[in-house]
Amino acid sequence: MSGDHSHSEDQVITTSVFSDSQKHKDKFKKEHKHKDHKKEKEREKSKHGNSDHKDFSDKKHKDKEKMKHKDGSTDKYKDKYKEKRKEEKIKSFDCKVKLEKENGFDSPLHLKSEPENIFHSPKNDKSLKRERDDDDYEIKPKKIKTENDKKAKKRKPQVEDIKTVKTKNKKGEMPDGKKKAKKEPEEKWKWWEEERYTDGVKWKFLEHKGPVFAPPYEPLPSNVRFYYDGKPMVLSADAEEVATFFAKMLDHEYTTKDVFRKNFFKDWRKEMTPEEKAKITDLKKCDFSEMHQYFKAQTEARKAMTKEEKLKIKEENERILQQFGFCIMDNHKERIANFRIEPPGLFRGRGDHPKMGMLKRRIRPEDIIINCSKDSKYPEPPPGTRWKEVRHDNKVTWLVSWTENIQGSIKYIMLNPSSRIKGEKDWQKYETARRLKKCVDRIRNQYREDWKSKEMRIRQRAVALYFIDKLALRAGNEKEEGETADTVGCCSLRVEHIKLYPEIDGQEYVVEFDFLGKDSIRYYNKVPVEKRVFKNLQLFMENKEPDDDLFDRLNTSILNKHLQELMDGLTAKVFRTYNASITLQAQLKELTSEEENIPAKILSYNRANRAVAILCNHQRAPPKTFEKSMQNLQTKIDAKKEQLSAAKRELKGAKADAKVRKDEKSKKAVESKKKAVQRIEDQLMKLEVQATDREENKQIALGTSKLNYLDPRISVAWCKKWGIPIEKIYNKTQREKFAWAIDMAEKDYEF
DNA sequence: TAACTCACTTAGTAGAACTCTA
DNA sequence: TAGAGTTCTACTAAGTGAGTTA
């Protein structure tokens, strides 16, 4: 694909243009003391098993190259390049997408009720903390009005009209939990058919019951002992509680890691009495095995509970859910996502996190900030306690917040993805990505031009943007050193994260990426790039140490400011959403064939989904049972083949018999054998498709892209077009999250 | 303008819940 | 019906990006 990005030789600029490079370097260069980074990387490499991963990545790359820009946009580059100057005159200012000016892409919305570009500008949301100027309203579609607008269709006004989660049945009674589960197709609130708030207001009325706190610590029975240096030792309640956190994790790899052990021990000692502190000085001498056994036994006992006991627990959970799991937001009952406060425990930071093992302390009511309406019934703190604060901020979506003690970050209780507040935002996200589709050609042309800029900062920005666009890299915010695992994104890439090959494996200008991204997931990719990008990278790396920033004059803030100028609401992450969705759409078109049956079509869908997951580097550890389950499946396939051969033999016999007898009965027998063969063939095919799908999915997680990057309307449209039940693509939770898309997208929807 | 704060989305995983099969 | 295998959900860490402060 890089071929169509090529430029003529005369456009290659010599390095002399950048003589100021080093002068500025120190100014912009951040201090990196990643002494351990290389070691960590090596460790990570060996952990992942290089050869396997290489194969995976090579395939990944091939797939990527195949699928990239299937929308045909790059084909337009050459022609557009010739007309660039002409175009620039026309579009000399910014690329703020005014619909009347956009005629490059004709992308009509094929929706029942979606007003064109209803989410015209995320700036509408951006101004949440400032008062908007009246001028801002000029760009808003007329359809969007405030609730105060008398002509606007109001949000459902009656509290009794709550039907988001539970609605009245035909008799006008509220169904119980079980009936509700069976009667899924109840009338739902179609918030997407109503007007949205403006001015950053998220709600007008909010009432909830507050959070559910973690249950208090229950001391261990006296027969479960902790041993120090081989001798039993009775611990104080506080020390014992923290000890149990460690004991519960004894089977986990975490407890073998030095950093985890060190952090745990340090924090544990803080909870000890002076006497305990004086005695317990070495973690190696601590024996938690009896505690560990006790918890294991408890788990087993839970599993072995009778049906009745299990039902009792289920009912209790349901009661808590009904009491605390919902709120009233603007006259609608909405499900809360996480109404339980995180229990105390040991921090499980991912990758080589410097704080892993630290004690996550217990959250008390005095730590909690409640957010609700002034005119609502405030949640009650537990008896004898008080909230830290009760506030009434309707410019935010959270209900409860607290500050955690590990990183000092704020944690929130928010609404479920099926709620209006989350759904609107999700819909808006895809609309922004669709607006990018309309001007992505121009943006690509621009960053290609910028590769030639006389200014280093512009070149860096342009190359970074190219990576973000081409490889779906994350933006890469700067991180506080020593506070988190050493991971990077595009803007924070360091010299040591890439290798340049003028020629390798029969390809020219290849860049090899090898770094740890979000969640310390390794990103490894070998990509041929355009010559100009390659030359620029050589330049950026000149006179730098491995741990220097590759883009020393760029950060996400600079990049996003630039993107904002190119398109209203454009940020680095919009490219990921755009490229994921456009890839899915293109792949579905390419892979789905009319004559296939439903299982084969679903395989095609999963393959399209997989292409996106590969693009976004959504990896997973292969399931522990993978090999075994594949083996089982293969056994089933073999048995089915055997069964098919037998059925075919029987059919042959029946045919021969019918030839001789020539009576009705034998004819019927032939028909029935034919049907049997057909049925077994179908079953075999289904099994084979399942095996292929599972094998291809070994290391790829499809869920993340499905939930976060793929415009659900593409999937809904595909289902409608090919008569695939939506349940085959989205499970119940996903259907709830994407209810808006399921309702509005028709079979001819185009992203 | 760098550092910090805040609000939100995106992410992988553990274990619960469900389904299938012998 | 047990238990093995699979799917779903809850959980919470780790990102992004806008706004604020010094």
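First the proteins, then the strands, lettered A, B, ... as listed; each starts at 1.
Between the P atom of C/dG15 and the CZ atom of A/Arg474 lies a distance of 8 Å, rounded to the nearest Å. In this structure, the NZ atom of A/Lys411 is 9 Å from the C1' atom of C/dA14, given to the nearest Å. The distance from atom CG of A/Asn560 to atom C1' of C/dG19 is 14 Å, rounded to the nearest whole Å. The CG-P distance, from A/Leu554 to B/dT1, rounds to 14 Å in whole Å. Between the C1' atom of C/dG15 and the CG atom of A/Asn617 lies a distance of 14 Å, rounded to the nearest Å. One can place CD1 of A/Ile406 at 16 Å from P of C/dG15, the figure rounded to the nearest angstrom. To the nearest angstrom, P of B/dA2 lies 7 Å from CG of A/Asn555. Taking atom OH of residue A/Tyr254 and atom P of nucleotide B/dA14, one finds them 8 Å apart after rounding to whole Å.
A 4.5 Å side-chain heavy-atom check between A/Cys490 and A/Phe551 finds at least one atom pair inside the cut-off.
Listed nucleotides: B/dG12, C/dA14, B/dC6. Nearest to the side chain of A/Ala701: B/dG12.
The side chain to side chain contact (heavy atoms under 4.5 Å, CB included) search around A/Lys698 returns A/Pro622, A/Phe626, A/Glu627, A/Glu695, not counting sequence neighbours. Residues forming a side-chain hydrogen bond (donor to acceptor under 3.5 Å, both in side chains) with A/Thr244 (at least two apart in sequence, or on another chain): none. For A/Asn416, the side-chain hydrogen bond (donor to acceptor under 3.5 Å, both in side chains) partners are A/Ser418, not counting sequence neighbours.
Between A/Phe738 and A/Trp740, the angle of the ring planes goes over 60°, which puts this pair in the perpendicular group of the 30/60° scheme. Using cut-offs of 30° and 60° on the angle between ring planes, the pair A/Tyr412 and A/Trp398 is tilted. Using cut-offs of 30° and 60° on the angle between ring planes, the pair A/Phe264 and A/Phe246 is parallel.
The line from CG of A/Asn560 to CG of A/Leu570 is 8.0 Å long, rounded to the nearest 0.5 Å.
Taking the C1' atoms of five terminal pairs at each end of the helix from B/dT1-C/dA22 to B/dA22-C/dT1, the two resulting helix axes are inclined by 0°, rounded to 10°.
Within a 6.0 Å sphere centred on NZ of A/Lys728, other residues, nucleotides and ligands contribute 12 heavy atoms or fewer. The environment of CD in A/Glu642 is sparse: at most 12 heavy-atom neighbours from other residues, nucleotides or ligands sit within 6.0 Å.
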Quiz item: Which letters describe nucleotides 15-22 of chain B, given B = protein heavy atom under 4.0 Å from base, S = only from sugar-phosphate, - = neither?
Solution: ---S--S-

Quiz item: Which parts of nucleotides 5-11 of chain C does protein reach within less than 4.0 Å, heavy atoms only, written one letter per nucleotide 5' to 3' as B for base, S for sugar-phosphate only and - for none?
Solution: SS-SSSS

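Annotation: of the two residues near DNA chain C, A/Thr571 and A/Asp519, the 5′-most nearest-nucleotide partner is A/Asp519. Nearest-nucleotide assignment on DNA chain B puts the 5′-proximal partner with A/Arg391, out of A/His618 and A/Arg391. In terms of position along DNA chain B, the nucleotide closest to A/Thr397 lies nearer the 5' end than the nucleotide closest to the other residue of the pair A/Thr397 and A/Thr704.
A sub-4.0 Å separation between OP1 or OP2 of C/dG15 and a side-chain N or O of A/Lys479 is present. Between A/Tyr709 and B/dA11 there is a side-chain polar atom (N or O) within less than 4.0 angstrom of OP1 or OP2. Between A/Thr487 and C/dG15 there is a side-chain N or O to OP1 or OP2 distance below 4.0 Å. Phosphate contact (OP1/OP2 of C/dG15, side-chain N/O of A/Asn477, threshold under 4.0 Å): absent. Phosphate proximity of C/dA14 to A/Gln407: present, with a side-chain N or O under 4.0 Å from OP1 or OP2. OP1 or OP2 of B/dC8 has at least one side-chain nitrogen or oxygen of A/Lys202 nearer than 4.0 Å. Contact annotation: A/His353 reaches the phosphate of C/dA14 (side-chain N/O to OP1 or OP2, under 4.0 Å). A/Lys573 has no side-chain polar atom (N or O) that falls below the 4.0 Å cut-off from OP1 or OP2 of C/dG17.
Using a 4.0 Å heavy-atom cutoff across all strands shown, A/Gly703 reaches no nucleic acid atom at all. Among the heavy atoms of the strands lying under 4.0 Å from A/Lys360 are primed sugar atoms or P, OP1, OP2 only; no base atom is included. Nucleic acid contact class of A/Gly476 (heavy atoms, under 4.0 Å, all strands): sugar-phosphate only.
Ring pair A/Tyr709/A/His618: centre-to-centre distance below 6.0 Å.
A donor-acceptor contact under 3.5 Å is formed by the side chain of A/Lys518 with the base of B/dT10.
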Quiz item: Step by step, would you call A/Arg319 with A/Gln323 a side chain to side chain donor-acceptor pair (under 3.5 Å)?
Solution: CA-CA 6 Å; A/Arg319 190 189 64 75; A/Gln323 190 181 350; 3.2 Å; yes

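With A/Asp519 as the partner, the salt bridge (charged side-chain N to carboxylate O under 4.0 Å, His left out) test is satisfied by one option alone out of A/Arg348, A/Arg350, A/Arg620, A/Arg474: A/Arg350.
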